[in-house]
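Residue numbering restarts at 1 for every chain, and letters A, B, ... go by the order of the sequence lines.
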Amino acid sequence: MELDKVYEPRRFEPRWAQWWVESGIYTAKWVPGKPVFSLVIPPPNVTGSLHMGHMLEHTAIDVTIRWHRMRGDVTLWLPGTDHAGIATEMIVARQLAAKGIQYRRDLTREEFEAKVWEWKAESGGTIKRQMIQIGASCDWSRERFTMDPVLSRAVREVFVSLHERGLLYRGEYMVNWCPSCNTAISDLETVHEETAGHLWHIRYGDVVVATTRPETMLGDTAVAVNPNDDRYDGLTFVPLPLSDRKIPVVRDEIANVEFGTGVVKITPAHDPNDFEVGKRHNLPLIQVIGQDGKITAAGGKYVGLDRYEARKQIVEDLQALGLIEKIDDHTLSIGKCQRCRTVVEPLVSKQWFVRTKPLAAKAIAAVDEKRIDIKPENWIKTWNEWMLNIRDWCVSRQLWWGHRIPAWYCDACNEVVIAREDPAECPKCKGALRQDSDVLDTWFSSGLWPFSTLGWPEQTDDLKHFYPTSLLITGFDIIFFWVARMSMLGIEFMGEVPFHKVYIHGLVRDADKQKMSKTKGNVIDPLVVNDQYGTDAVRMALVSGAAPGTDIVFTPDRLESARNFANKIWNAARFLLMKAGQEAPAQTAQAITLEDRWIQSRINECAREMNLAIDQFRYHEAAQTIRHFIWDDFCDWYIELKKISNDWGNIIPVFETALRLLHPVMPFLTEELWHRLGAAETDSISLQPYPQFDPALADTGAEREIKLLRDIVTAARNLRAELGIDPKLPLTGTISRDVDAALIERLCGVAFAKGEVPKSGAVRSTPDFDLWIDVPAGQMELQRKRLEKEKDQLIKNIASSKRQLGDEIFLSKAPAKILDSMRAKLADYETQLANVDQALTGQSPGQ
RNA sequence: GGGCGCUUAGCUCAGUUGGUUAGAGCGUCUGGUUUACACCCAGAAGGUCCGCGGUUCGAGCCCGCGAGCGCCCACCA
C-alpha cells in the first residue's frame with residue numbers, strides 16, 4: 001500500500017487520537033517491582049477550552065510521559081478539571097442573566113447549584129475532547145473533578161483536621177473585597193496596578209492631612225502623628241469635617257514625619273494599616289462603605305452613593321467649605337480584582353483563615369533539602385521569598401458554587417460546630433443549626449489534588465502506588481496559588497511531599513513577544529493551527545522552542561519548519577516502503593556495510609542525547625537532535641548512500657528506531673508510519689521500548705570514515721559551485737588519500753585519481769586531505785579570489801596561534817592538552833598556507 | 001522599595017561545568033525538473049556575543065559598574 005505523496009495529518013490524527021483512548025492502553029497498571037512514574041495534571045478550569053498555554057504544558061507533559069512509558073515505567077498521567085469557583089459561577093450567572101434571571105434573587109442556592117451542574121454536563125467536557133485531540137496520553141479511567149464526592153470528602157477532612165490542629169480560625173479581619181464579584185478574595189487574587197490619582201490635602205481643624213481616598217474620611221476615627229514629632233504636642237482632638245464628630249490625635253509609628261504634614265488620617269474600617277492602628281489604640285470601627293461599594297447609613301447624607309460618586313461629592317463639599325488646602329497629582333498602586341479588574345475595597349469581615357506560617361516552614365525545608373527539586377533553580381529564590389513573607393490565607397468565599405464550609409452555627413447558644421458529618425442539632429443546646437453559607441476558595445481543593453485524586457482519605461492502592469507523584473509540570477503564574485499550597489498541604493496531611501520534582505515551563509508569546517491574551521486579541525487557537533499544520537507539527541514547533549527558563553515565541557515559520565520536517569519523514573517512509581517493501585524489520589540478516597555501522601553509531605548517539613535531554617527538560621535539544629539525525633544523517637547521507645549501493649536490507653530497522661526516538665514529540669505521525677511498516681493493528685509504538693545508548697554500537701572508525709567521505713564530497717561540490725561549473729559536467733581530479741573513488745564520483749561528479757596533488761589551480765587543502773580539480777581554462781578568477789581570502793584568514797590564524805605559543809606564561813599555565821592541540825593546529829595552518837600560496841603562484845595571470 | 005530574567009547572524013532563539021575556527025531554524029544570495037520529498041536538493045554570504053572595567057595563560061560563559069527591555073513581589077497616607 002503506497003503512501004500519499006504529501007503528508008496529510010488530518011487523514012490519520014483523529015483516528016489515532018480516538019484509538020489511544022478507546023484501547024485503554026494508557027490506563028496505569030501497577031506491577032510490583034517496576035519503577036513508577038506518576039504525574040497529575042494541573043487541572044484546567046472546567047469552564048475552559050484549550051489555549052496555547054495548555055497546548056505547551058500538555059505537550060511537555062506528554063513528551064515526558066510517553067518517554068517514561070516507553071522506558072518501561074508504570075506510567076500514570078492523571079487528568080481532570082477544576083470547578084473554578086468564581087469563574088464558573090460568573091459564566092452561569094451571565095447565561096441566566098441573558099434569560100432575565102438574576103440568580104441570587106430569583107433562585108435558591110440549591111436551584112442555582114443544579115443549574116451549574118447542568119451547565120457542566122453540557123459544556124464541561126470541552127477540554128477533555130481537546131486534550132484527546134492533541135494526543136495527551138492520559139489515563140482517562142482516573143479522570144477527576146474537584147467537586148467529585150471523593151474529592152469533596154477530602155476537602156472536608158482537611159478543613160476539619162486543620163481546625164483540630166489549630167491551623168484554621170475564623171475571625172473579623174480586613175480582607176480584600178470585590179464589590180463586583182461580591183466576595184472576599186485572597187491577597188493573591190488581588191493584582192496591584194499603578195494608577196494616576198491625587199493626593200488631597202484636607203484641613204482637620206489645626207492640622208492638615210493628606211489622603212488618596214477622601215471618601216473614607218466619613219469613617220475616620222482618629223488622626224495619627226509620629227511619637228517623635230513634637231510639632232503637635234498637646235493636641236488631643238481635631239474636628240472631623242463634614243461631621244459633628246471630634247476625633248482623637250493618636251501617637252503612632254505609622255505617621256511619617258517626612259511625609260506631607262506628618263499627620264495621617266486613620267480609617268480603621270477601610271485600610272489595612274489603619275485597621276492595625278485602630279487595634280493598637282482601641283479605636284472604633286465605622287464602616288462607611290458597604291459590600292456593594294456604596295456608602296452606608298453611617299455615611300450620613302452621602303448614603304447610597306457609589307464610592308467614587310461620594311468621593312466627588314465630598315471633595316466638592318470640602319472645597320465649598322474651603323477645607324481643601326491643595327490637590328497634588330499622585331500615582332499610586334491600587335489593588336484590583338484579578339478576575340474582573342474592579343478596585344478591591346478593604347473591608348472588615350468575618351472570614352475563615354488558614355494559619356500558613358507553620359505550613360510554609362515545612363515547605364521551605366522540603367525545597368531546601370531537595371525533597372522537592374524545583375527546576376529551573378532560579379525559582380527557588382522566589383519560592384523562599386514568598387514563603388517567608390506568607391500571610392494567613394483567607395479561604396472563605398461568599399459564593400454559591402464550591403465546597404460549602406463545614407461549619408454550623410447555633411443561633412440559640414452561639415455554638416460553632418465544625419464536623420466531618422453534617423450535625424442534626426446543636427450538641428450543646430439541641431437547638432437548630434445553620435450551616436455557614438460560604439464556600440471555600442477554589443485553590444483549597446486544588447491544593448489537595450495530588451492526593452485527593454488518588455482517593456485520600458481512603459488508604460487506596462493508588463495512593464500507595466502513585467503518591468508522592470514523580471513530577472509536576474506547570475507554569476510560574478500558579479507557583480503560589482497552587483504549587484505552594486499543594487506542597488504545604490501535602491506535607492501536612494500525607495507526611496510527604498506531593499511531588500519529587502517541579503518543572504516550571506515558560507510562556508507562549510506571539511510573534512511580537514507579547515503575552516497572548518483575549519483582550520489583546522493576539523491569541524492563536526491551537527485547534528486552528530493543529531488543523532492547518534497537523535498536531536505533530538504544532539507539538540514539534542512548541543517543543544523546539546522550549547528551552548528551560550525561557551518563553552516561547554510562537555511564529556508561523558516555526559510551524560512551517562516543523563510541518564516540513566513531518567513531510568520529510570513521511571516521504572522518507574514512502575520511499576523506503578517502495579524500495580524495501582513492507583517486510584517486517586530484520587527478517588533476513590544482511591551484510592553490515594560501512595554506512596550501516598555509521599548510521600547505527602549515529603542513531604545510538606542520538607538516543608544518548610535524547611534520553612539525557614528529556615530527562616533534564618531540555619526539550620528543545622531533544623527536538624533539534626532528532627531533527628538533525630533524521631534529516632541530515634538519515635535522509636541526506638544514509639539514504640543517498642543506499643541509493644548508490646541499492647542495498648536496502650538494513651535500512652528499515654534504523655528508520656523504525658528513529659520513529660521510536662521521535663514518538664514522544666510527534667506521536668501521531670510515528671504511530672501511523674510504524675503501522676505502515678507492518679506492525680500489528682492492536683499494537684502501539686507508544687508501548688515499544690525507547691532506544692537507549694549502547695556502548696557496543698558506538699563506532700568511531702565508521703564515523704571517521706564517513707566524515708572523511710562527506711568532507712571530500714562537500715569540498716568538491718564547494719569548488720564546483722565556486723568555479724561556476726555546470727553541476728552536471730563530469731570532472732576529473734586528484735586526491736592525496738586512498739578513497740572509494742567510484743562512490744565519491746557518484747556523489748559529486750568528480751572522478752578522483754589518487755596522487756600527488758598539484759599545488760596549483762583549483763585546490764582545496766584541509767588537515768585531512770588535499771584535493772585538486774581539473775578546471776577548464778578561463779574559470780580560475782573566482783578560485784583566485786577564494787584563495788586570497790583563505791590566505792588572509794590563514795595568516796591571521798597563524799599569527800594568533802604563534803602569539804599564544806610564544807607566550808611564556810601561557811606555556812607554563814595552560815594544560816598540555818590545549819598546548820598540543822594548538823601546536824597541531826598551527827602546523828595545519830602552515831601546511832595549508834603553503835598549499836594556498838603555491839596554488840596562487842602556480843596560476844599564471846593568463847590562466 | 002525589594003527580587004528575578006533578558007540583551008549572541010537580517011528575524012526568532014540555542015550555547016550543559018571558562019579551552020582550538022560561536023551554532024540552529026527562518027530569511028537572503030547562487031545554482032539545480034538526479035525516478036522519496038520544491039513542504040525538495042547542492043553551495044554561499046552574514047556575528048565588536050549591549051557598553052566599560054576586572055579575574056584568568058585563556059571570557060559569549062565568572063565578578064563589578066552602567067545602559068536598554070521585560071516580569072514578579074510589596075499595606076507608606
Side-chain angles (χ1 to χ4, degrees), chain A residues 3 5-7 174 187 192 199 209-213 224 254-256 259-260 262-267 271-276 330 332-333 335 346 378-379 381-382 385-386 389 476-477 479-480 507 511 513 515 533 537 541 544-545 547 549-558 560-579 612-613 616 618 620-621 624 627-628 635-636 639-640 643 713-714 717-722 724-728 748-749 793 797 800-801 804 807-815 817-822 824-826 829:
Chain A
L3 265 59
K5 192 168 172 181
V6 174
Y7 163 69
M174 182 130 304
D187 293 336
H192 292 265
L199 198 55
V209 299
T211 179
T212 55
R213 301 196 57 198
I254 188 160
N256 180 349
F259 191 95
V263 186
V264 56
K265 67 194 260 319
I266 303 297
T267 321
D271 181 278
N273 286 318
D274 294 4
F275 180 74
E276 295 303 318
H330 185 75
L332 65 167
S333 144
N378 50 296
W379 288 107
K381 194 157 185 177
T382 309
E385 205 59 37
W386 189 76
N389 298 315
F476 58 82
D477 49 329
I479 291 181
F480 304 138
L507 210 64
K513 296 169 137 188
K515 222 187 261 190
Y533 294 91
S544 61
T550 63
D551 289 343
I552 291 145
V553 179
F554 196 71
T555 54
D557 57 287
R558 258 188 207 284
E560 259 177 53
S561 164
R563 192 266 324 268
N564 294 353
F565 178 53
N567 186 61
K568 183 77 185 174
I569 297 168
W570 184 263
N571 275 287
R574 192 161 77 93
F575 184 62
L576 294 190
L577 286 174
M578 275 160 41
K579 289 295 182 189
L612 206 63
Q616 297 175 350
R618 300 203 308 262
H620 68 301
E621 219 174 278
Q624 199 188 321
R627 183 191 156 94
H628 175 253
C635 291
D636 289 349
I639 291 184
E640 292 306 315
K643 279 182 187 170
V713 168
T714 302
R717 285 170 176 168
N718 183 317
L719 274 181
R720 186 195 275 277
E722 275 180 6
I725 301 171
D726 184 337
K728 288 186 298 281
C748 62
Q793 187 58 48
N797 291 347
S800 142
S801 298
Q804 285 194 69
D807 185 335
E808 290 299 326
I809 308 170
F810 174 65
L811 291 175
S812 64
K813 297 230 175 171
K817 203 176 85 183
I818 299 299
L819 289 177
D820 288 349
S821 64
M822 190 161 290
K825 201 79 226 171
L826 178 59
Y829 289 149

Problem - Same-atom distance (P) from rC76(B) to rG18(B), integer angstrom - result: 42 Å
Handout entry: Between rG47(B) and rA9(B) - P atom distance, rounded Å
Key = 10 Å
Handout entry: Axial cation check for Tyr7(A) ring with Lys568(A), 6.0 Å and 45° limits
Key = no
Exercise for the section: On RNA chain B, check which nucleotide each of Ala814(A) and Lys643(A) is closest to and give me the residue with the more 5' one. Expected result: Lys643(A)
Fill in the blank from the handout: Between Pro815(A) and His330(A), the residue closer to the 5' end of RNA chain B by nearest nucleotide is Pro815(A)
Could you tell me whether [X] contacts a base, only the sugar-phosphate backbone, or nothing, with contacts defined as non-hydrogen atoms closer than 4.0 Å?
X         : result
Thr382(A) : nothing
Ile254(A) : base
Ser812(A) : nothing
Arg213(A) : nothing

Shortest side-chain distance from [X], nucleotide among [options]:
X         : options                   : value
Asn256(A) : rC76(B), rC57(B), rG5(B)  : rC76(B)
Phe480(A) : rA14(B), rC73(B), rC26(B) : rC73(B)
Asp636(A) : rC41(B), rC37(B), rU12(B) : rC41(B)
Cys635(A) : rA36(B), rC57(B), rC39(B) : rA36(B)
Asn564(A) : rA74(B), rA44(B), rC39(B) : rC39(B)
Asn718(A) : rA44(B), rC37(B), rA74(B) : rA44(B)

Between the base of [N] and the side chain of [X], is there any donor-acceptor pair under 3.5 Å?
X         : N       : answer
Lys825(A) : rU21(B) : yes
Lys381(A) : rC4(B)  : no
Glu621(A) : rA24(B) : no

Handout entry: Side-chain N,O (Arg563(A)) to OP1/OP2 (rC39(B)) below 4.0 Å
Key = no
